[in-house]
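Since we're looking at a predicted model, the values are computed, not measured.
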Amino acid sequence: ICRYAFSGCTSLTSITIPNSVTEIGGGAFSSCTSLTSIKIPDSVMQIGDYVFLGCTNLIEIEVETDNKFYSSDKGVLFNKNKTEIICYPAGIKDTIYLIPSSVTSIGKRAFQNCSNLINIKIPDRVSYIGSIAFADCTSLTSITIPDSVTSISGGAFGNCTSLTSIKIPDSVTSIDDYAFSGCISLTSIMIPNRVTEVSDSAFIGCTSLTAINVAIENQYYASANGVLYNKDKTTIIYYPVGKKDKNYKIPDGVTSIGEYAFDGCTS
């Protein structure tokens, strides 16, 4: 099935994939808003990216038991041995989901647009969270990132508009592009001591964010009055958008103003 083959077929309610199919291309069923369930035959060896993106009424992805590459559990799509969660159907009405303990990797866009979920429990074995993994989970208020995770991938929590707080574990070393962009309920965040890279765009659009704090042991970054700098405070990286001050004097030691440093500072 080619890429985007049925994309945008908004009246499509069901489809039968024959056993002759070996690959489902990226976006093949994206935005099929009336599709409620789908069965993956045992012949399928490869499933592309965002195949079910925008399938807002999809409640079940079933995989035939003889498939050697994929499996499903309670309608959720995994790789065969359930170490990677690939797609949690956006139409499932449950508000809480406990990711199985076998999972070590959360795939790209795995939970995108899952607007019913309020809480997601990530098991301690997870070491990788893919880009845009939890993006647009607009009801998500609470999530705990385990100490096994080393990177917050690009857009991982983008537009999680109900997320009020999140603890970044000490194991994390990088926070990538747009990681928390559009998290309009997030008020503060702590950068732990092992982080060596924070993207300039990580917190864009966080309109309630008033403070970015940095662990004093961090060798790459520092903060002052909630404003994020490099360690020696020669570069101002990000001024939180939620600050209400009408005036701000950039410290004399600053020689560089980072990309997006004051983006969206309407006050």
Contact between Ile168 and Ile175 at the side-chain level, heavy atoms closer than 4.5 Å - yes or no? yes
Nearest heavy-atom approach of Asn218 to Val195 is ND2-O, 3.0 Å
Show the numbers, then the answer: is there a side chain to side chain contact (heavy atoms under 4.5 Å, CB included) between Val198 and Leu228? CA-CA 10 Å; Val198 179; Leu228 181 65; 4.1 Å; yes
What orientation do Phe52 and Phe29 show, parallel under 30°, tilted 30 to 60°, or perpendicular over 60°? parallel
Strictly by salt bridge (charged side-chain N to carboxylate O under 4.0 Å, His left out), give each pair with a member in residues 55-64 just once, sequence neighbours left out. Lys39-Glu62
How far apart are the closest heavy atoms of Ala133 and Gly107, and which atoms are they? CB-O, 3.9 Å
Taking side chain as C-beta onward, heavy atoms only, is Val241 less than 4.5 Å from Phe203? no
Indicate if Val63 and Leu58 have the same hydrophobic cluster label, given that clusters are the connected sets of ILVMFWY residues with side-chain heavy-atom separations under 4.5 angstrom. yes
The test is ring-ring contact (aromatic ring centres under 6.0 Å, His included); show your working for Tyr70 and Phe78 and say whether it passes. CA-CA 6 Å; Tyr70 298 96; Phe78 298 84; over 10 Å; no
Measure the shortest side-chain to side-chain distance between Val149 and Val126 over non-hydrogen atoms and say whether it is less than 4.5 angstrom. yes
Tell me, do Lys108 and Ser131 make a side-chain contact under 4.5 Å, heavy atoms counted? yes
Indicate the atoms forming the closest heavy-atom contact of Ile237 with Asp200, along with that distance. CG2-OD1, 3.6 Å
With no hydrogens and no angle check, just 3.5 Å: does a side-chain donor-acceptor pair link Thr234 and Asn230? yes
Pairing donors with acceptors under 3.5 angstrom, does anything connect the side chains of Asp245 and Asn247? no
How far apart are the closest heavy atoms of Gly205 and Tyr238, and which atoms are they? N-OH, 4.1 Å
Which pair of heavy atoms, one from Ser7 and one from Gly27, lies closest together, and at what distance? CB-O, 3.7 Å
Could you tell me whether the side chain of Ile17 reaches within less than 4.5 Å of the side chain of Ile1, counting heavy atoms only? yes
I'd like to check the side chain to side chain donor-acceptor pair (under 3.5 Å) partners of Tyr97; sequence neighbours left out, ordered by chain and number. none
Same hydrophobic cluster for Val214 and Tyr220, using side-chain heavy-atom links shorter than 4.5 Å among ILVMFWY? yes
Keeping the roles fixed (side chain from Asp170, backbone from Asn193), state whether a donor-acceptor pair exists under 3.5 Å. no
Can you measure from CD1 (Ile184) to SG (Cys206) and round to the nearest 0.5 angstrom? 9.5 Å
Ser174 side chain to Ser151 side chain, donor-acceptor N/O pair below 3.5 angstrom: yes
Return yes if some donor-acceptor pair links the side-chain N/O of Ser153 with the main-chain N/O of Ile129 below 3.5 Å, else return no. yes
Between the CD1 atom in Ile106 and the CZ atom in Phe111, the distance rounded to the nearest 0.5 Å is 6.0 Å
Ignoring hydrogens and angles, tell me if any N or O in the side chain of Asp136 forms a donor-acceptor pair with the backbone of Gln112 under 3.5 Å. no
Hey, does the side chain of Ser256 reach the backbone of Thr235 with a donor-acceptor pair shorter than 3.5 angstrom? no
Main-chain N/O of Gly242 paired to Ser208 side chain as donor or acceptor, under 3.5 Å: no
Pro146 and Asp124, any side-chain heavy atoms less than 4.5 Å apart: yes
How many angstroms lie between CG in Leu163 and CD1 in Ile189, if you round to the nearest 0.5 Å? 8.5 Å
Hey, are the side chains of Val227 and Pro240 touching, using non-hydrogen atoms and a 4.5 Å cut-off? yes
Any donor-acceptor pair under 3.5 Å linking the side chain of Thr210 with the backbone of Thr187? yes
Give a yes or no on whether Asn213 atom CG has more than 12 heavy-atom contacts from other residues, nucleotides or ligands under 6.0 Å away. yes
Where is the tightest heavy-atom contact between Pro192 and Pro169, given as atom of each residue plus distance? CG-O, 3.4 Å
Counting only N and O atoms by type, is there a donor-acceptor contact under 3.5 Å from the side chain of Tyr260 to the main-chain atoms of Ile204? no
Between Phe157 and Phe134, what is the ring plane arrangement, given parallel below 30°, perpendicular above 60°, and tilted in between? parallel
Spacing of NZ belonging to Lys93 relative to CG belonging to Asn57, to within rounding of 0.5 Å: 6.0 Å
So OG1 of Thr138 and CG of Asn116: to nearest 0.5 Å the spacing works out to 8.5 Å
Check: Cys137 main-chain N/O paired with Asn159 side-chain donor or acceptor under 3.5 Å: no
Testing the 3.5 Å rule here: is there a donor-acceptor pair between the side chains of Asp147 and Ser171? no
Given the rule that I, L, V, M, F, W and Y join up when any side-chain heavy atoms are under 4.5 Å apart, are Ile15 and Ile24 in one cluster? yes
Looking at Asp177, is its backbone amide N or carbonyl O close enough to the side chain of Ser201 to form a donor-acceptor pair, meaning the two atoms are under 3.5 Å apart? no
dist Thr104:OG1 -> Ile99:CD1 (nearest 0.5 Å) comes out at 11.0 Å
Under 3.5 Å, is there a donor on one side chain and an acceptor on the other for Tyr50 and Tyr4? yes
Above 12 or not: heavy atoms from other molecules or residues under 6.0 Å from NZ of Lys231? yes
Any side-chain heavy-atom pair from Ile191 and Ile212 closer than 4.5 angstrom? yes
Evaluate the criterion side chain to side chain contact (heavy atoms under 4.5 Å, CB included) for residue pair Ile118 and Ile96; output intermediate values, then yes/no. CA-CA 6 Å; Ile118 296 173; Ile96 299 173; 5.6 Å; no
Run the side chain to side chain contact (heavy atoms under 4.5 Å, CB included) test on Ile250 and Tyr239 for me, step by step, so that the C-alpha distance in whole Å, both residues' side-chain angles and the decisive distance to 0.1 Å come before the verdict. CA-CA 10 Å; Ile250 297 174; Tyr239 182 96; over 6 Å; no
Are Ile120 and Phe180 connected into the same hydrophobic cluster when the rule is that any two of I, L, V, M, F, W, Y join if their side-chain heavy atoms are below 4.5 Å apart? yes
Report the C-alpha distance between Val76 and Ile85 in whole Å, list the side-chain angles of each, state the deciding distance to 0.1 Å, and finish with yes or no for side chain to side chain contact (heavy atoms under 4.5 Å, CB included). CA-CA 8 Å; Val76 181; Ile85 183 167; 3.7 Å; yes
Test your reading of the model: is there a side-chain donor-acceptor pair from Ser139 to the backbone of Ser115, 3.5 Å cut-off? yes
Group every Ile, Leu, Val, Met, Phe, Trp and Tyr by side-chain heavy-atom contacts under 4.5 Å, then state whether Tyr178 and Ile132 land in the same group. no
